[in-house]
Protein chains: 4
Amino acid sequence: MPPSKPSSRPLRADARRNQAHILEAAEAVFDTEGPSGSTEAIARRAGVAVGTVFRHFPTKADLIQAVFTARLQRLTDHAVQLQGAEDPGEAFLDFFLGWAELSATKLTFAEALIGEGVDVRALARQDAYLRMRQNLLQAVEGLLQRAQRAGRVRGDVGITELNALLIGTARALEQVRDDPDASARTLEVVLDGLRLRGAPPPDR
Amino acid sequence: MPPSKPSSRPLRADARRNQAHILEAAEAVFDTEGPSGSTEAIARRAGVAVGTVFRHFPTKADLIQAVFTARLQRLTDHAVQLQGAEDPGEAFLDFFLGWAELSATKLTFAEALIGEGVDVRALARQDAYLRMRQNLLQAVEGLLQRAQRAGRVRGDVGITELNALLIGTARALEQVRDDPDASARTLEVVLDGLRLRGAPPPDR
Amino acid sequence: MPPSKPSSRPLRADARRNQAHILEAAEAVFDTEGPSGSTEAIARRAGVAVGTVFRHFPTKADLIQAVFTARLQRLTDHAVQLQGAEDPGEAFLDFFLGWAELSATKLTFAEALIGEGVDVRALARQDAYLRMRQNLLQAVEGLLQRAQRAGRVRGDVGITELNALLIGTARALEQVRDDPDASARTLEVVLDGLRLRGAPPPDR
Amino acid sequence: MPPSKPSSRPLRADARRNQAHILEAAEAVFDTEGPSGSTEAIARRAGVAVGTVFRHFPTKADLIQAVFTARLQRLTDHAVQLQGAEDPGEAFLDFFLGWAELSATKLTFAEALIGEGVDVRALARQDAYLRMRQNLLQAVEGLLQRAQRAGRVRGDVGITELNALLIGTARALEQVRDDPDASARTLEVVLDGLRLRGAPPPDR
DNA sequence: CATGAATGAGGCTTCATTCAT
DNA sequence: CATGAATGAAGCCTCATTCAT
C-alpha cells in the first residue's frame with residue numbers, strides 16, 4: 001500500500017517482501033506500544049534499516065494509516081465473504097465476533113492519528129482510507145440488513161450504531177481478555193441487546 | 001498524591017493549592033492531547049514551573065496515575081452517594097450513564113500507561129491505585145446487586161462484566177458523539193441487553 | 001537576543017553567559033563551515049548540551065538570524081561611533097575597511113537563510129532583523145553623505161550601491177586573504193573608483 | 001569529467017549523453033538550491049536513476065567540481081575567443097561583464113566545497129580543476145595585459161587582483177539584481193577604479 | 001551499464017528529569 | 001519550596017553512498 005505514486009510499476013520482489021515485513025512489524029509494535037511505538041523499533045523488528053521504512057512510508061502517519069487500512073481490508077474481505085452465507089443471523093454473528101476478536105487490543109485509526117498530531121499532508125492522503133472505510137461499511141450494511149430482514153437483529157440499529165457497538169464491544173472484551181467466562185457473558189449482553197441471543201462463547 | 005513519603009507532614013497551604021492546580025491542569029491537558037501532553041504544558045496551565053510539577057509528582061507516570069485516581073475517586077463518590085437512592089434500578093442507571101458520560105473522550109488508565117512505556121517502578125507504586133479501584137468496585141457492586149435483587153438487571157452479570165461493559169459503552173458512545181439519536185439508540189442496545197429497558201437518552 | 005517573549009524578565013546570569021557562548025560558537029562554526037554547520041558542533045564548541053542551544057534559539061534559523069543580527073549590531077555601533085569624527089573622508093574610509101574586514105570570510109544573512117530552507121515562521125520573526133538593518137543603513141547613510149559633501153566620495157553612489165560594493169569588496173578580499181599586497185591593491189581599485197584614493201593597506 | 005580512470009575507453013554514446021544531462025541537471029539544481037541540492041533531485045531532473053549519477057561522478061564533491069570545471073571552461077572559451085578582438089579595452093570589458101553576468105546568482109567552487117565538508121580525498125582529486133583554472137588564468141592574463149598595454153587598464157593590477165575583483169563584483173551585482181540603475185552605477189565604480197571608464201550598463 | 005531499493009550516519013528537535021539559583 | 005536553565009537520550013526524517021537485480 002505505497003501511499004504515493006499509486007500506479008507506478010510494481011515493486012521489485014525484495015521491495016514487496018520488505019514492505020510486507022514492515023507492515024507486519026508496524027502492526028505488532030503499534031499493538032504493543034500504541035502509535036507512539038518508534039520507527040526504529042519497527043525497523044528492527046522488520047529486519048531492515050530505518051531508511052527503508054521511510055522509503056516505503058515517507059511519514060510515520062503514512063505507516064499508521066497503512067496499518068489500519070490493511071486491517072480494514074481484512075475486515076472488508078471477511079464481510080464480503082460472508083455475504084453469501086445461508087443463515088443471515090449466523091453470518092452476522094460470525095462477522096460481529098470476528099471484528100471483536102480482531103479489534104481486541106488494537107487501536108482505532110482516529111485514535112492513532114490523534115496521538116500523532118495529524119497534519120495537513122496526512123489529511124490530504126486520507127481519501128484512500130475513506131474509500132476503504134466506505135467499502136467496509138457497505139459490506140457490513142449488507143450483512144446487517146439481511147439479518148434484520150430475517151428477524152434476527154432489531155430493526156432500529158443502523159450501520160452507525162452497529163459501528164459504535166462493534167468498537168465498544170471490542171474494547172469491552174479487552175477488559176476481560178483472560179477470563180473466557182466473563183468474556184462470554186459480556187458479549188452475551190450486547191448480542192442480547194441486539195436480539196442476537198444464544199451466541200456461543202468465542203472459542204479461544 | 002505523591003506516592004513517596006506516605007505520611008509526611010501536611011503540605012503547606014500554597015503547596016496544597018499548587019498540587020490541586022497541577023492536577024486540574026494535567027487532567028485538562030491529558031484530555032486534550034492524550035498522555036503525550038508535555039509536562040511543560042501542564043506546568044504552564046497550572047501557573048507553576050516544571051520543577052514544581054516534579055516536586056509534587058516525581059514522575060510523569062505518577063502524575064498520570066494521580067489524574068486517574070482522582071477520576072476514580074469521583075466515580076466512587078458518585079456510587080456511594082447513589083447507594084441510598086430509592087429506586088435501585090434508577091440509581092444503577094444513573095451511575096451507568098454518569099460513567100459513560102465521564103469516560104467519553106477520556107483515556108483509560110491502562111491505555112495512558114501503555115502510551116508512556118510503564119516500567120517496573122511505576123507498577124510497584126500502583127497500590128494506591130489498586131486500593132482506589134477496589135473501593136470503586138465495591139461501591140458499584142452494591143449498586144449492581146441492589147438493582148439485580150430488584151429485578152432490574154439480569155442476574156448473570158457480575159462486577160467484572162459490568163466494568164467491561166461500562167468501559168466498552170463509553171468507547172461506543174464516543175463514536176457517535178455528535179449524533180444524539182444514534183447515541184441514544186446505541187446506549188439503548190446495551191441497557192436492553194442488561195434488561196435495563198427504557199433508558200432516556202443522555203441529555204446533552 | 002532571545003527571539004520569543006521580547007520583554008520577559010532578564011535572564012539569569014548563567015543563562016546569559018551560556019547564550020553568549022552559544023552565539024560566539026555559532027559565529028565561529030558558521031564562519032568555518034557555512035550555515036550547514038551542525039547544531040551539535042555549535043553546542044560542543046559552546047560547552048553546553050544541544051538542548052541548551054535549542055532553549056535559547058528554538059530553531060536553527062533563529063540561531064542563524066541571531067548571529068547575523070549581532071553582526072549587524074556591531075557594524076551599526078561602529079558607524080554610529082564614527083558619526084562624530086572630524087574628517088568625514090577618513091571616517092567613511094574607516095567604516096568601509098571595518099566592514100570589509102568583518103565581512104571577510106563571512107556569509108550574508110540572506111544566503112544563510114536560503115541555505116536553510118526558510119519557512120514562514122522564520123519570515124514572521126524577521127522584523128527584528130529588518131529594523132536592525134534599517135538602523136544600520138541610516139547610520140551608514142549619514143557617514144556617506146558627510147563624505148560626499150566633503151567631496152571625498154563621488155556623488156552618484158547611494159546607500160544601495162554602497163551596500164552592494166561593501167559586500168562585493170568583502171568577497172573580493174576573501175580571495176586574496178593571504179596575500180596582503182594583493183589585498184591592498186584590490187581594495188585600492190574599489191576605493192579609487194569611489195574617489196577615496198590613498199587608502200592604506202588594511203593592517204593584518 | 002569523472003576524475004578516476006583518466007584514459008579509459010571512450011564512453012558509449014548513451015553514457016556520454018547521460019553524463020551531459022547529469023551535468024546540466026546538477027548545474028540547474030545547484031543554482032537553485034545551493035550545493036545542498038540533493039543527488040536524487042539531480043538524477044530526477046536528468047531523467048536517470050541515482051545509481052547512474054554515482055557511476056559518472058563517484059562522489060558529490062566530484063559532481064560539484066565537474067559543474068564548476070564546466071563553468072570555468074566556458075569562461076576560458078570566452079576569454080580565448082576574445083583574444084583576437086580589435087579593441088583590447090573593449091575585449092577586456094566584454095569579458096569582465098561576461099564573468100560578472102555568469103557568476104551572478106551562482107556559487108563559487110570554494111564555497112560549494114566548504115558547504116559540503118570537503119575531505120582529503122576530494123582535495124587530492126582536484127588537479128583537473130587546478131589545471132583548468134590555470135588555463136583560464138592564462139587566457140585572462142592575455143586579455144588583461146593587452147588592455148594594460150593599450151592604456152585602458154591601470155598597470156598595478158595583476159591576474160590575482162583581477163580575479164578577486166571579478167568575483168567580488170559578481171557578488172556586488174547580485175545585491176542589486178533587480179535595480180538596473182543601481183546595478184549600472186555599482187559596476188561603474190569598479191570599472192572606474194580599473195580606469196575602464198564609460199562602461200555601458202549591462203543590458204538586461 | 002542502468003535501475004532503484006537498502007543502508008545508516010547524522011541532522012534537527014522534543015521532552016522528562018535534574019539541579020543550581 | 002519554587003524557579004526555570006541545563007541535560008541528554010530518543011524520536012523523526014534526509015541523503016550520500018552501496019549493491020542486488
Side-chain angles (χ1 to χ4, degrees), chain A residues 8-9 11-19 36-43 47-61 63 116, chain B residues 11-12 14-15 18 36-44 47-63 116-117, chain C residues 8-9 11-19 22 36-43 47-61 63 116-117, chain D residues 11-12 14-15 18 36-44 47-63 116-117:
Chain A
S8 57
R9 84 181 58 179
L11 286 178
R12 246 163 51 185
D14 55 344
R16 204 170 49 245
R17 209 166 32 241
N18 271 336
Q19 179 144 315
S36 64
S38 82
T39 314
E40 211 82 41
I42 293 170
V48 302
V50 259
T52 304
V53 175
F54 280 92
R55 161 170 279 272
H56 288 280
F57 306 94
T59 277
K60 199 185 175 186
L63 184 48
E116 273 317 292
Chain B
L11 289 176
R12 255 166 39 184
D14 58 340
N18 270 341
S36 65
S38 80
T39 315
E40 204 87 38
I42 293 169
R44 206 162 32 235
V48 301
V50 253
T52 305
V53 174
F54 277 90
R55 164 165 294 277
H56 287 282
F57 306 94
T59 276
K60 198 183 180 186
D62 290 326
L63 185 49
E116 278 315 295
Chain C
S8 57
R9 83 181 58 177
L11 286 177
R12 245 163 52 184
D14 56 343
R16 204 169 48 246
R17 212 167 29 242
N18 270 337
Q19 177 144 315
I22 292 170
S36 64
S38 82
T39 314
E40 210 83 42
I42 293 171
V48 301
V50 259
T52 305
V53 174
F54 279 91
R55 161 170 280 271
H56 288 280
F57 305 95
T59 278
K60 198 184 178 187
L63 185 49
E116 274 316 293
Chain D
L11 290 175
R12 254 166 42 184
D14 57 341
N18 270 342
S36 64
S38 81
T39 315
E40 205 88 38
I42 293 170
R44 206 162 32 235
V48 301
V50 254
T52 306
V53 174
F54 278 89
R55 163 166 295 276
H56 286 282
F57 305 94
T59 276
K60 197 183 182 186
D62 290 326
L63 185 49
E116 276 316 294

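Everything numeric in this text was worked out from a predicted model, so none of it was measured. Letters go in sequence order (proteins before strands), and every chain restarts at 1.
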From [atom1] of [X] over to [atom2] of [N], roughly how many Å is that when rounded to an integer?
X	N	atom1	atom2	result
B:Asp62	E:dA16	CG	P	13 Å
D:Leu63	F:dC15	CG	P	15 Å
B:Arg44	F:dT3	CZ	C1'	15 Å
B:Phe54	E:dT18	CZ	P	8 Å
D:Ile42	F:dC15	CD1	P	11 Å
B:Phe57	E:dT18	CZ	C1'	18 Å
C:Gln19	F:dA5	CD	P	10 Å

Review point. How does DNA chain F look in dot-bracket form if you count Watson-Crick and G-U pairs under 3.5 Å, write [ ] for pairs that cross, and put | where a base pairs with another strand?
Key: .||||||||||||||||||||
Identify the pairs formed between an N or O of the protein and an N or O of nucleotides 7-11 of chain E at a distance under 3.5 Å, and give each distance.
unit_1: E:dT7; atom_1: OP2; unit_2: A:Ala49; atom_2: N; d: 2.9
unit_1: E:dT7; atom_1: OP2; unit_2: A:Thr52; atom_2: OG1; d: 2.6

Review point. Is the phosphate of E:dA6, meaning OP1 or OP2, less than 4.0 Å from a side-chain N or O of A:His56?
Key: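 For A:His56, the contact criterion (side-chain N or O under 4.0 Å from OP1 or OP2 of E:dA6) is met.
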Check your understanding: Would you say the side-chain atoms of B:Ser38 pair up with the backbone N or O of B:Ala41, donor to acceptor, closer than 3.5 Å?
Key ->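 Such a contact is found between B:Ser38 side chain and B:Ala41 backbone.
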Check your understanding: In chain order, what residues pass the side-chain contact (heavy atoms from CB on, under 4.5 Å) check against A:Val50, with sequence neighbours excluded?
Key ->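 In terms of side-chain contact (heavy atoms from CB on, under 4.5 Å), with neighbours along the sequence ignored, A:Val50 is linked to A:Thr39, A:Glu40, A:Ala43.
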Exercise for review: Of all the heavy-atom pairs spanning A:Asn18 and A:Val48, show the shortest one and how long it is.
Suggested key: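 Shortest heavy-atom separation between A:Asn18 and A:Val48 comes out as OD1-CG1, 3.4 Å.
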Practice item. For A:Leu63 and A:Phe57, work out which heavy atoms get closest and say how close. Key: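 What the structure gives for the nearest pair is CD1-CD1, 3.6 Å.
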Check your understanding: To the nearest 0.5 Å, what is the distance between CZ (C:Arg55) and CD1 (C:Ile22)?
Key ->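 The distance works out to 10.5 Å.
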